[in-house]
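First comes the structure, then the notes that go with it.
Computation of the quantities below employed the complete heavy-atom set of this structure, encompassing side-chain atoms and omitting hydrogens, waters and symmetry-equivalent molecules.
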Number of protein chains: 2
Amino acid sequence: MKKKSFINDNPVCQIRMQAISDTMGILSGKWKFHILGTLIEGHKLGFMDLLREIDGIGSKMLSKELQDLELNHLVSRTVMNTKPITVEYAVTEYGATLSPLINELTKWGIAYRQSIHGSTSEINKGLKDV
Amino acid sequence: MKKKSFINDNPVCQIRMQAISDTMGILSGKWKFHILGTLIEGHKLGFMDLLREIDGIGSKMLSKELQDLELNHLVSRTVMNTKPITVEYAVTEYGATLSPLINELTKWGIAYRQSIHGSTSEINKGLKDV
DNA sequence: GAAAGTACTTTCCATAAGGATACTACCGCT
DNA sequence: AGCGGTAGTATCCTTATGGAAAGTACTTTC
């Protein structure tokens with residue numbers, strides 16, 4: 001009996017695949033989670049605040065990533081009527097639904113780092129020393 | 001009063017940042033979550049099984065990503081003593097700790113898609129029609 | 001002995017992602 | 001007039017990512 005050329009799997013898997021692609025498509029890149037995490041903590045931050053808070057990011061990347069997040073309605077951008085014009089970035093109500101996901105991401109990362117320092121530091125690939 | 005050139009934030013934020021970088025560093029790329037998700041569902045799968053199950057992946061990518069996952073002890077690779085040599089890939093006990101994260105990712109992706117179809121389809125960037 | 005199945009690796013290429021640096025433009029202060 | 005702060009944009013460049021196609025090597029089946 002020949003193996004089916006493509007086990008199309010159950011619909012549950014197809015939906016899972018699609019959901020993972022969707023989520024990762026929206027949150028792809030090196031900085032989106034950092035920006036969202038910082039905004040969740042800081043509530044309202046200006047462009048320069050974010051630039052200072054997020055270590056390593058440049059203005060080009062910050063600008064581009066904020067535009068992406070705004071397009072997907074995860075972050076709001078409000079131009080304030082102040083003397084030197086300021087812009088307030090904040091997480092939207094919808095963006096806040098990412099909190100559980102960001103928490104899981106953080107929890108796992110912390111546990112991973114602990115599992116290394118706890119063990120004979122066997123696992124060390126993918127971990128940047130800071 | 002001059003603004004501090006770098007608000008070094010609280011240690012909690014630094015740890016969060018680091019944790020997010022760690023997690024995303026390990027799980028970066030287009031396919032890792034798909035491979036892990038598929039292996040969690042399928043328990044034990046061969047190379048060709050994965051190639052068939054994961055729509056769109058090529059053998060080069062699959063091979064590379066599996067090596068990465070194996071290096072980080074998230075997936076185990078067992079060469080079986082069968083007539084035509086077969087290899088069994090499975091999620092390790094440690095890899096299984098990613099389940100809550102993958103579930104959150106999936107849940108959010110599904111909710112996102114529903115939020116679009118539920119609304120006047122305002123949000124549509126980042127969503128590929130399937 | 002040819003086909004087909006296992007599990008990959010290799011090469012070559014195109015595009016995407018991201019960083020460094022510089023620049024615009026506006027305002028307030030001194 | 002010049003400095004510093006706001007919020008970005010523009011340009012150039014390098015590296016990372018990932019896909020297509022073919023090749024290797026070994027075995028069983030027809």
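Note on residues 33-58 of chain B: pairs passing ring pair (Phe, Tyr, Trp, His ring centres under 6.0 Å), not counting sequence neighbours, are B:Trp31-B:His34.
A:Met80 forms part of no hydrophobic cluster, judged by ILVMFWY side-chain heavy-atom separations under 4.5 Å. When hydrophobic side chains of Ile, Leu, Val, Met, Phe, Trp and Tyr are connected at separations under 4.5 Å, B:Ile15 ends up clustered with A:Ile110.
A:Tyr89 has a side-chain polar atom (N or O) that falls below the 4.0 Å cut-off from OP1 or OP2 of D:dG8. Contact between the side-chain N/O atoms of A:Arg77 and the OP1/OP2 oxygens of D:dG8 is found at a separation under 4.0 Å.
The separation between A:Leu62 atom CG and D:dA7 atom P is 10 Å, rounded to whole Å. Taking atom CG of residue B:Leu66 and atom C1' of nucleotide D:dG18, one finds them 15 Å apart after rounding to whole Å. Atom P of nucleotide D:dA7 and atom CG of A:Asp49 are separated by 7 Å, given to the nearest angstrom. The nearest whole Å value for the distance from the CG atom in A:Asp68 to the C1' atom in D:dG8 is 15 Å. Atom-to-atom, CD1 of A:Ile35 to C1' of D:dG8 comes out at 14 Å; the value is rounded to the nearest Å.
Taking the side chain as every heavy atom from C-beta outward, B:Asn72 and A:Tyr112 approach each other to under 4.5 Å. Counting heavy atoms from C-beta on, the side chains of B:Lys44 and B:Asp49 never come closer than 4.5 Å. Using a 4.5 Å heavy-atom cutoff, the side chains of A:Asp22 and B:Arg113 are in contact.
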Between N or O atoms, less than 3.5 Å apart, protein on one side and nucleotides 17-24 of chain C on the other: list the pairs.
| unit_1 | atom_1 | unit_2 | atom_2 | d |
| --- | --- | --- | --- | --- |
| C:dG18 | OP1 | A:Lys30 | N | 2.8 |
| C:dG19 | OP1 | A:Lys30 | NZ | 2.4 |
| C:dG19 | OP2 | A:Trp31 | NE1 | 3.1 |
| C:dG19 | N7 | A:Lys60 | NZ | 3.3 |
| C:dG19 | O6 | A:Lys60 | NZ | 2.2 |

Pull out every protein N or O sitting under 3.5 Å from an N or O of nucleotides 24-28 of chain D, one pair per line with the distance.
none

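Backbone-only contact: A:Gln67 has heavy atoms under 4.0 Å from sugar-phosphate atoms and none from a base.
For the pairing with A:Leu27, the side chain to side chain contact (heavy atoms under 4.5 Å, CB included) check across A:Leu101, A:Ile102, A:Leu105, A:Asp68 returns one residue only, A:Leu101.
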Donor-acceptor pairs under 3.5 angstrom involving side-chain atoms of residues 57-67 of chain A: please list them, not counting sequence neighbours.
| unit_1 | atom_1 | unit_2 | atom_2 | d |
| --- | --- | --- | --- | --- |
| A:Glu65 | OE1 | A:Lys32 | NZ | 3.4 |

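No donor-acceptor pair under 3.5 Å is formed between the side chain of B:His117 and the backbone N or O of B:Ser115.
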